[in-house]
Structure formats: structure tokens, C-alpha cells
Amino acid sequence: MELRHIAGFVAVAEELHFGRAAARLNMAQPPLSQQIRQLERELGQQLFERSTRTVRLTPAGEAFLEPARRVLADVEVARLTAQAGGRGEVGRVGIAFAGASTHEALPRLTRAVRAAHPGIELHLHGQLYSGEALAKVANGEIDLGFVRLPVRREGVSVRVVAHEQLLLALPADHRLAGSGAVDLRDMADEPFVTLPGTRGSAVRDALVHSCLSAGFTPRIAQEAPDTHTILALVGAGVGVTMTVSSVRHTAFDGVFRPVAGVPPQTLSMALAWRSDNPSAALRAVLAAAEQALPTPPDP
């Protein structure tokens with residue numbers, strides 16, 4: 001049983017006219033009639049009652065019509081799926097992210113992918129700081145990661161999607177909460193709340209680097225796994241912290257202040273992926289990301 005025989009049967013069954021069915025299939029009528037006869041011989045059943053004026057389905061033809069339609073529909077789905085797969089419109093892409101910086105970028109990316117490539121399934125891996133995400137991308141565990149520059153991994157490509165500045169977060173009742181920019185040197189005796197130091201957090205590294213530039217080593221009073229918890233601890237008076245400008249609209253019982261007394265630090269967020277990753281789905285996600293998260297101008 002050939003697909004062209006099934007397609008010919010469905011066309012005749014729907015048109016109930018051999019001439020119209022042949023025109024619909026862009027073929028002559030005699031070959032179509034021959035295909036139907038071949039199909040009937042193979043099935044051992046007459047599918048149509050023919051007269052000089054009418055064509056009608058037999059009971060066998062009526063029973064065969066819906067399964068035949070399903071066969072053609074399944075073949076079309078297979079064809080479209082294969083073509084979509086070749087274009088990267090189906091598949092699975094793992095994305096690593098962490099921190100408040102991705103709270104705006106990640107939804108923009110996922111919405112863009114869903115709109116452009118609904119056949120791509122995104123697996124989101126949260127609480128993976130920059131160093132962890134980069135390691136998993138480099139070893140092939142995850143396809144794409146939000147990371148911080150600089151990236152020094154051979155075989156890993158990156159594209160910058162945001163530039164951020166470091167801000168100081170203080171409790172609402174802090175003595176400097178009403179100031180403008182806060183000289184970081186005035187924080188030398190303050191307890192700090194920050195991300196863990198063992199998981200490759202670029203924000204943690206930037207905090208320590210800034211404090212060392214101001215002439216002191218920060219006294220870490222408590223660590224917390226995410227920015228929202230850190231800000232809650234700051235609001236509760238446990239300590240102060242340095243965070244990135246993308247969180248400045250986050251509500252908490254405290255204030256954000258610009259940092260003075262040290263050279264300003266820009267933290268660039270980028271997407272990272274293995275240069276040799278052959279996934280067509282990844283290429284499709286990267287193309288969607290270029291629209292949803294365009295590279296900003298250099299600060």
C-alpha cells in the first residue's frame with residue numbers, strides 16, 4: 001500500500017468525483033482510477049460504487065476513510081517535524097541562570113523562544129552562579145548559561161547582553177541611608193551579607209575586590225543563596241551588601257546607594273555556549289536571544 005494510493009483514495013472520497021480529485025492531485029484521471037483499482041485489489045474490498053453519473057463510498061470505503069486521513073496527517077506531521085528539526089525549531093535546550101540579574105532577561109528570552117519556536121523545550125537550571133554555569137556549559141552538561149565576564153574558557157563563545165553597576169544596599173535605619181553616594185571606605189567596620197564564596201559568584205568576587213580597593217577586607221557576617229534572601233537580611237539589619245543595578249527596583253526594608261571612593265565597577269552579563277555544540281535548537285535559541293536581548297553599547 002503506497003501513500004499515493006491512500007492520498008488518491010482520500011481525494012476521491014472527499015470530492016466524490018474522479019475528475020475533480022485528479023485535478024486536486026495535479027494528475028490525469030486514468031492514472032488515478034488505476035491507483036484506486038490497485039488499492040481495492042490490495043485490500044480485497046470495493047471502496048467506491050461507480051456509475052456514469054455518481055461516485056459513492058461503499059461501507060468498506062466509509063470505514064477506510066478516517067484511518068486513511070490519519071495516515072496522511074501523521075505523514076504530514078512527520079514531514080513538518082523533520083523540517084522543523086533541521087531548522088532548530090524542535091528539541092531541548094538547557095539554560096543555567098542565577099541571581100536577580102536574570103529576573104528580567106530570562107523571561108524575555110523564554111517568551112521570545114516560545115513565540116518563534118514553540119517546538120523547542122527549555123529546561124531551566126536555577127541557582128547556578130556564573131562560575132558554576134560556565135563550568136557546566138564548558139563540559140557539555142548545559143547548552144546555554146548566563147555568566148559574567150571575563151570568560152576564560154577555551155571553546156566557549158559568549159555574547160554580552162547587559163552591563164550593570166555595583167550598588168550598596170543598606171538597612172533603612174542605617175546612619176548613611178539618607179546619603180547620596182556612599183564612600184565605600186566608610187563601610188570598613190560594617191558586617192556584610194553576601195552570596196556563598198565557594199560557588200563562583202561574580203558579584204561576590206566584585207564585592208571583595210571593591211572592598212580591597214577601598215583598603216579593607218570585608219567582614220562577612222552571613223552568606224545567603226540568592227539576592228532576595230540577602231536583601232531581606234540587609235533589611236533586618238544583619239549587615240550591608242553590594243549588589244548589581246538590575247535589582248534596584250526590588251522592594252525591601254532598605255535603600256540602594258551608589259558607591260564612591262573606589263573606581264566604578266561594571267559587571268557585564270553574557271550568554272555562554274560551547275562553540276562546537278552542534279544543536280540546531282541551540283542555534284535557534286541564540287537567534288531568538290539576539291532579538292530579545294540585544295548586545296548593549298559599551299559602557
Side-chain angles (χ1 to χ4, degrees), residues 88 91-110 112-113 117 120-166 194-213 223-227 230 242-247 263-299:
R92 177 182 297 180
V93 174
I95 302 179
F97 69 97
S101 299
T102 59
H103 289 179
E104 291 183 6
L106 184 62
R108 287 163 59 188
L109 175 58
T110 57
V113 173
H117 307 290
I120 292 179
E121 181 183 359
L122 298 179
H123 276 217
L124 305 180
H125 302 263
Q127 295 306 319
L128 290 175
Y129 302 117
S130 179
E132 295 174 313
L134 185 57
K136 290 184 178 294
V137 167
N139 65 26
E141 290 184 57
I142 291 178
D143 300 293
L144 189 63
F146 283 92
V147 302
R148 295 284 183 184
L149 297 187
V151 169
R152 299 185 181 92
R153 287 271 186 160
E154 186 176 351
V156 174
S157 297
V158 296
R159 183 177 67 81
V160 174
V161 296
H163 298 298
E164 300 182 274
Q165 302 297 320
L166 281 179
T194 186
L195 295 164
T198 58
R199 296 178 56 189
S201 166
V203 175
R204 159 85 176 231
D205 291 345
L207 181 154
V208 173
H209 182 269
S210 294
C211 292
L212 293 175
S213 297
E223 295 180 340
D226 59 78
T227 299
I230 288 172
M242 295 184 74
T243 187
V244 286
S245 51
S246 60
V247 309
Q265 275 210 63
T266 298
L267 292 182
S268 296
M269 182 169 66
L271 289 172
W273 64 96
R274 279 186 64 98
S275 308
D276 60 357
N277 189 324
S279 169
L282 172 61
R283 292 195 297 272
V285 170
L286 290 172
E290 289 185 0
Q291 301 298 317
L293 303 170
T295 300
D298 289 337

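On a predicted model such as this, the values are computed, not experimentally measured, just so you know.
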List the atom of [X], the atom of [Y], and the distance in Å for their closest heavy-atom pair.
X: Ala281; Y: Gly91; result: CB-CA, 4.2 Å
X: Asp143; Y: Gly94; result: OD2-N, 2.8 Å
X: Gly197; Y: Arg204; result: N-NH1, 3.3 Å
X: Pro225; Y: Pro196; result: CA-CD, 4.3 Å
X: Arg108; Y: Ala292; result: NH2-O, 2.8 Å

Ignoring hydrogens and geometry, is there a side-chain-to-backbone donor-acceptor pair from [X] to [Y] under 3.5 Å?
X: Arg159; Y: Leu286; answer: no
X: Gln265; Y: Ala206; answer: yes
X: Arg283; Y: Pro278; answer: yes
X: Arg274; Y: Ala138; answer: yes
X: Thr295; Y: Val160; answer: yes

Qualifying residue for side chain to side chain contact (heavy atoms under 4.5 Å, CB included) with Asn277, from Val93, Leu282, Val137, Val156
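Per the side chain to side chain contact (heavy atoms under 4.5 Å, CB included) rule, the option paired with Asn277 is Leu282, out of Val93, Leu282, Val137, Val156.
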Among Thr102, Leu293, Leu149, find the residue that satisfies the side chain to side chain contact (heavy atoms under 4.5 Å, CB included) test when tested with Met269.
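The passing option is Thr102.
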Starting from the C-alpha separation in whole Å, work towards a yes-or-no answer on side-chain contact (heavy atoms from CB on, under 4.5 Å) for Val161 and Leu109.
CA-CA 11 Å; Val161 296; Leu109 175 58; over 6 Å; no
Supply the atom-to-atom distance [X] [atom1] to [Y] [atom2], rounded to the nearest 0.5 angstrom.
X: Tyr129; Y: Asp226; atom1: OH; atom2: CG; result: 6.5 Å
X: Asp205; Y: Thr194; atom1: CG; atom2: OG1; result: 9.0 Å
X: Ser130; Y: Leu267; atom1: OG; atom2: CG; result: 9.5 Å
X: Ser279; Y: Leu144; atom1: OG; atom2: CG; result: 10.0 Å

Pairwise side-chain contact, [X] with [Y], heavy-atom cut-off 4.5 Å (strictly under):
X: Ser210; Y: Met242; answer: yes
X: Leu207; Y: Leu166; answer: no
X: Phe146; Y: Ile95; answer: yes
X: Thr227; Y: Val203; answer: no

Residues two or more places apart in sequence or in another chain: which of them pass side chain to side chain contact (heavy atoms under 4.5 Å, CB included) with Thr266?
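Partners of Thr266 under the side chain to side chain contact (heavy atoms under 4.5 Å, CB included) test: His163, Gln165, Ser268, Pro299.
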With Glu121 via side chain to side chain contact (heavy atoms under 4.5 Å, CB included) - residues at least two apart
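By the side chain to side chain contact (heavy atoms under 4.5 Å, CB included) rule, Glu121 matches Arg92, His123.
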Could you tell me whether Gln291 atom CD has more than 12 heavy atoms of other residues or ligands within 6.0 Å of it?
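Counting other residues, nucleotides and ligands, CD of Gln291 stays at 12 neighbours or fewer.
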